[in-house]
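Worksheet: one structure, shown below.
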Amino acid sequence: AQSVAQPEDQVNVAEGNPLTVKCTYSVSGNPYLFWYVQYPNRGLQFLLKYITGDNLVKGSYGFEAEFNKSQTSFHLKKPSALVSDSALYFCAVRDMGKGDDKIIFGKGTRLHILP
Amino acid sequence: ETGVTQTPRHLVMGMTNKKSLKCEQHLGHNAMYWYKQSAKKPLELMFVYNFKEQTENNSVPSRFSPECPNSSHLFLHLHTLQPEDSALYLCASRWGNTEAFFGQGTRLTVV
């Protein structure tokens with residue numbers, strides 16, 4: 001079965017510094033990969049996705065992520081963090097090898113940007 | 001706003017009550033999802049519908065009963081719930097190979 005791992009419960013970064021939120025995945029076929037952000041008492045907002053093509057994908061609010069097939073990773077990055085980036089971040093995967101509709105999420109990583 | 005609307009936003013119900021959660025989208029999406037988000041637990045996929053047909057039931061207890069009368073509406077009927085069912089219930093929809101769009105969620109408290 002497909003799975004997603006976000007190894008860090010929380011990441012603390014000083015404002016203005018680069019940030020990375022880690023994600024690794026396991027699928028039987030080709031993955032569709034997604035990052036979402038959640039602010040308190042809200043639903044999940046889509047940030048970016050990898051379907052095919054360029055390994056570096058750019059998304060909303062200056063975020064980007066790099067697909068690494070050999071390491072089965074899809075880490076989220078931003079060159080310069082803002083306090084407003086503080087939120088809960090979820091990585092998700094859909095296993096295209098199975099041809100089903102399941103989208104499985106990681107447990108989430110809480111990002112704290114320190115002023 | 002994502003175009004996916006969930007009602008009600010908050011619900012408090014007793015363990016013997018019957019209530020329903022509603023999700024609506026007019027984005028033309030074919031797949032609709034229910035997820036459960038509990039404190040300190042991963043987002044749990046509950047049900048998936050595709051063109052009104054249920055394609056996934058992730059071993060969800062029968063006290064949760066989904067209904068998808070058409071591709072725009074998804075319901076989650078609740079009866080005889082337990083306090084541990086208190087959570088944020090999220091609906092999402094998707095078309096083809098795009099990302100899923102999420103509603104704001106219903107915060108359910110079972111007393």
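Sequence lines set the chain letters: A, B, ... in the order given, protein chains first and strands last, and positions in each chain run from 1.
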May I ask you to list the residues in residues 95-111 of chain B that approach chain A closer than 4.5 angstrom, counting heavy atoms only, ordered by number?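 Answer by number: B:Gly96, B:Asn97, B:Thr98, B:Glu99, B:Ala100, B:Phe102, B:Gly103, B:Gln104, B:Arg107.
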Quick check: under 4.5 Å, non-hydrogen atoms only, which of residues 17-34 of chain B neighbour chain A?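 If one takes a 4.5 Å heavy-atom cut-off, the residues of residues 17-34 of chain B near chain A are B:Tyr33.
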Measure [X] against the heavy atoms of chain B and call it side chain, backbone, both or neither at under 4.5 Å.
X: A:Gln45; value: neither
X: A:Ile51; value: side chain
X: A:Asn41; value: both

Using side-chain contact (heavy atoms from CB on, under 4.5 Å), reason through B:Gln37 and A:Leu88 one step at a time and then give a plain yes or no. CA-CA 13 Å; B:Gln37 186 177 25; A:Leu88 187 56; 4.2 Å; yes
Among B:Val4, B:Asn50, B:Leu90, which has the most heavy-atom pairs under 4.5 Å with chain A?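 Maximum pair count with chain A is reached by B:Asn50.
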Does atom OH of A:Tyr61 have more than 12 heavy-atom neighbours from other groups under 6.0 Å away?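 Atom OH in A:Tyr61 is not packed in, count stays at 12 or less.
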A:Lys22, NZ: over 12 other non-hydrogen atoms inside 6.0 angstrom: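 No, because the 6.0 Å sphere around NZ of A:Lys22 holds 12 heavy atoms or fewer from other groups.
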Does any backbone or side-chain atom of B:Gln6 lie under 4.5 Å from a heavy atom of chain A? Answer side chain, backbone, both or neither.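 Neither; nothing under 4.5 Å.
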Applying a strict under-4.5 Å side-chain criterion to I, L, V, M, F, W and Y, I'd like to know whether [X] and [Y] cluster together.
X: A:Ile103; Y: B:Phe47; value: no
X: B:Leu11; Y: B:Met15; value: yes
X: A:Leu47; Y: A:Tyr39; value: yes
X: B:Val60; Y: B:Leu88; value: no
X: B:Phe64; Y: B:Phe75; value: no

Rounded distance (nearest 0.5 Å) linking atom CD1 of A:Ile104 with atom OH of B:Tyr35: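 OH of B:Tyr35 is found 6.0 Å from CD1 of A:Ile104.
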For chain B, the option from A:Lys49, A:Lys102, A:Met96 that forms the most heavy-atom pairs under 4.5 Å: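 When all of A:Lys49, A:Lys102, A:Met96 are compared, A:Lys102 has the most.
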